[in-house]
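Below: one structure, written as structure tokens.
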Amino acid sequence: MSKQYIKQILADAAIDTAVVVRGWVRTKRQSKNVTFINLNDGTTINNIQAVVEADTITEEVLAKINTGACLEIYGKLIASQGGNQKVEVQVENIKILGEADPDTYPIQPKKHSFEFLREKAHLRPRTNTFGAIFRIRHALSFAIHNYFNDHGFFYLHTPIITGSDAEGAGEMFRVTTLDLKNPPKTEEGNIDYREDFFGKETNLTVSGQLEGELGALALSKVYTFGPTFRAENSNTSRHLAEFWMIEPEVAFNDLTDNMDLAEDFLQYLVRYALQHCEDDLAFLDARFAEEEKQKPQQERSELGLLGKLKFVTENSFERLTYTEAVSILKNAKKKFQFPVDWGTDLQSEHERYLVEKHFKKPVILTHYPKDIKAFYMKMDEDGKTVKAMDVLFPGIGEIIGGSQREDDYQKLKDRAAQVGIEEESIWWYLETRKFGSCPHAGFGLGFERLVLFVTGMGNIRDVIPFPRTPKNADF
RNA sequence: GCUUCCUUAGCUCAGUCGGUUAGAGCAACUGACUGUUAAUCAGUAGGUCCCUGGUUCGAGCCCAGGAGGGAGCGCCA
């Protein structure tokens, strides 16, 4: 007989059948004649209530049933007398699989701060909030593969260790097997990477995009979904040193196609979560509302979490050029801390104003000045701007960055040279423009930023099981 | 990297103008209770006030340095 899990038992609600439930104790309420145990096995946010009538279980066993303990309960599923659940387990026997000493078990049936739970990352999945987050995280991962598979994309595995240092997306983590105390030196006194494992300098990838483009120029539609590493000393609630990124790349797509894809993709993912994570989102919606109540009126969000998610699925994103955005900001009544000027990158406060105050919906900004964007973006006809796009979300900021890629061999070579990238280091990338080049476009979606938006959480460290941030790599 | 705030019981926090024995809620423990919903009620126990140094008759509170954490900014996804 296959094992029973709480989600299925609650869904089937097969009254008067024998059940075996296993899970971790959330709460125990004891009175003279009856004891109630709420058990959760993580398959759903809902607990199952086990009812122990006096004298069925010995005092000795009952005393060991504390919050956090793991139990195997044998009994009968019956209709519940209580109002908060349809069914409950009438207990016949309990086997304690693992005790949890109440004096030292840190997770209590009460509110904990997220800062505290971050230090207990090994146990925090046992809480309602983190259980919900990690189930939603899974659902979104699955939806990503689903979407691309249904749309004829191929999942391309790009390398984690890269010998290319030209991705230009940020500081990199060095990968080496050299003895750091006594590395081999060249005649000039530099470290001799020819002696290293790969015979050259290698790093952890900051983006799979360049390799993704190689795939797109052969398979037409590809995507990557893998871990990405940035050694930037970023101390914010929106950055991780190790995060997961989704990067579709499509041959024959231009910037408009790219925007259409990004918008359809994001709306699909949010809709998928709304359809498949109802219980977890209802819980997080209530949590979000509670959190909002603590904030001063002015900072409160007009919509609840579910409201925000539905809004994104039901409204098209606002599309405008960087130049148009600059003029809106220049004419805004609001005083900004930083001045707005054509040619400089927009500050967070500017992006927030556009998304949260002016348009009040997701915004796609396009055609940025070439000097503030990467070398591989396709130059516009005016020679001043590039076919770039950033998708900005309320409360998150930039969730997607992408572009139509430069497909002209000479122009790409010139741009690389201008920003100081050596031709030898990207010869393979340049060759795709030399042999059978074609228009193509793609983007990068920060997975944790998506999870942040869907769950309504405030800190990116709380939507990945084991966050990696500057000065923190525990667990 | 920059700015700013915080660190008091296991957790979440209060602590007045620098004053004698540092408090509350929750958790834990003991007991009561005929079905509870983070049960309720009564009681018990629980403190390196982040660390180091200084000012003072006297420091949780003031000053200096350090450590850890949060928020904001920059870099970006």
Side-chain angles (χ1 to χ4, degrees), chain A residues 25-38 40 46-54 63 66-68 78 80-85 88 90 100-120 127-128 167-171 206-209 227-247 262 294 299 337-338 344-352 372-374 390-393 396-402 443-453 458-462 464 469-472 474:
Chain A
V25 176
R26 285 295 169 77
T27 57
K28 180 178 77 167
R29 293 176 294 281
Q30 207 163 5
S31 65
K32 197 174 181 182
N33 296 325
V34 63
T35 297
F36 299 95
I37 300 163
N38 275 20
N40 187 283
N46 299 305
N47 300 328
I48 200 162
Q49 173 164 281
V51 185
V52 185
E53 298 285 349
N66 300 112
T67 299
I78 58 168
S80 178
Q81 294 174 35
N84 287 17
Q85 60 277 319
E88 63 191 20
Q90 191 173 51
D101 177 10
D103 285 330
T104 48
Y105 183 65
I107 313 291
Q108 301 160 2
K110 59 158 290 191
K111 229 188 182 104
H112 292 288
S113 69
F114 290 128
E115 290 83 0
F116 172 73
L117 288 170
R118 248 168 249 157
E119 292 168 9
K120 313 285 177 207
T127 64
N128 285 332
E167 287 157 352
E171 290 293 313
V206 293
S207 160
Q209 182 202 312
T228 313
F229 309 87
R230 303 223 175 141
E232 303 285 345
N233 189 17
S234 295
N235 294 289
T236 81
S237 51
R238 302 182 305 282
H239 290 85
L240 291 165
E242 177 183 299
F243 65 101
W244 289 67
M245 187 150 66
I246 300 105
E247 295 176 286
Q294 315 290 323
E299 288 170 31
Q337 200 185 333
F338 295 92
T344 61
D345 214 349
L346 300 180
Q347 306 284 322
S348 299
E349 57 169 342
H350 304 139
E351 296 181 349
R352 266 209 312 274
I372 57 172
K373 288 291 178 184
D390 281 2
V391 181
L392 310 176
F393 259 39
I396 310 283
E398 188 178 345
I399 195 165
I400 278 180
F443 59 80
L445 166 66
F447 183 53
E448 281 74 19
R449 288 191 181 173
L450 173 73
V451 181
L452 205 52
F453 180 74
N459 193 313
I460 202 163
R461 291 165 195 146
D462 296 326
I464 186 168
T469 52
K471 301 277 184 299
N472 183 8
D474 290 336

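Keep in mind the model is a prediction, meaning the values are calculated, not measured. Convention: sequence-line order gives letters A, B, ...; per-chain numbering from 1.
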Among [options], the nucleotide that comes nearest once only the side chain of [X] is considered:
X	options	answer
A:S234	B:A77, B:C75, B:C33	B:C75
A:K110	B:U36, B:G10, B:U34	B:G10
A:D345	B:C76, B:G35, B:A77	B:C76
A:S237	B:A71, B:A38, B:A77	B:A71
A:E232	B:C75, B:G70, B:A77	B:C75
A:T27	B:A38, B:G35, B:A28	B:A38
A:F36	B:A38, B:A77, B:G35	B:G35
A:N84	B:U37, B:C73, B:G25	B:U37
A:R238	B:G69, B:C75, B:U36	B:C75
A:S31	B:C76, B:C33, B:A38	B:C33

What contact category does [X] fall into here, base, sugar-phosphate, or nothing, at under 4.0 angstrom with non-hydrogen atoms?
X	answer
A:T35	nothing
A:Q85	base
A:G82	base
A:G397	nothing
A:E53	base
A:L240	base
A:R26	nothing
A:Q81	base
A:P106	nothing
A:F116	sugar-phosphate
A:E247	nothing
A:Q49	base

With [atom1] as the reference atom in both, quote the distance from [N] to [M] in angstrom, rounded to an integer.
N	M	atom1	answer
B:C49	B:A42	C1'	30 Å
B:A28	B:G46	C1'	9 Å
B:U37	B:A22	C1'	36 Å
B:G65	B:C29	P	45 Å
B:C50	B:C6	C1'	11 Å
B:C51	B:G68	P	15 Å
B:G15	B:A59	C1'	14 Å
B:C63	B:U21	C1'	28 Å

Strictly below 4.0 Å: does [X] bring a side-chain N or O up to OP1 or OP2 of [N]?
X	N	result
A:R118	B:G68	no
A:N38	B:U37	no
A:N235	B:A71	no

Does the pair A:K373/A:D345 count as a salt bridge with the N-to-O cut at 4.0 Å? no
Determine whether the side chains of A:T228 and A:E242 contain a donor N or O and an acceptor N or O closer than 3.5 Å. no
Side-chain donor-acceptor contact under 3.5 Å, A:R461 with A:N472: no
Could you tell me whether the side chain of [X] and the main chain of [Y] form a donor-acceptor pair under 3.5 Å?
X	Y	answer
A:E349	A:F338	yes
A:Q49	A:F36	no
A:E53	A:V34	no

Just name whichever nucleotide pairs with B:A71, Watson-Crick or G-U, keeping both distances under 3.5 Å, else none. B:U3
Side chain [X] and base [N] donor-acceptor under 3.5 Å:
X	N	answer
A:Q337	B:G72	no
A:H239	B:C76	yes
A:Q108	B:G10	yes
A:R449	B:C76	yes

How many angstroms lie between CD1 in A:I396 and CZ in A:R449, if you round to the nearest 0.5 Å? 8.0 Å
For residues A:I107 and A:T67, report the shortest heavy-atom separation together with the two atoms involved.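 Looking at all heavy atoms of both residues, the shortest contact is O-CG2, 3.7 Å.
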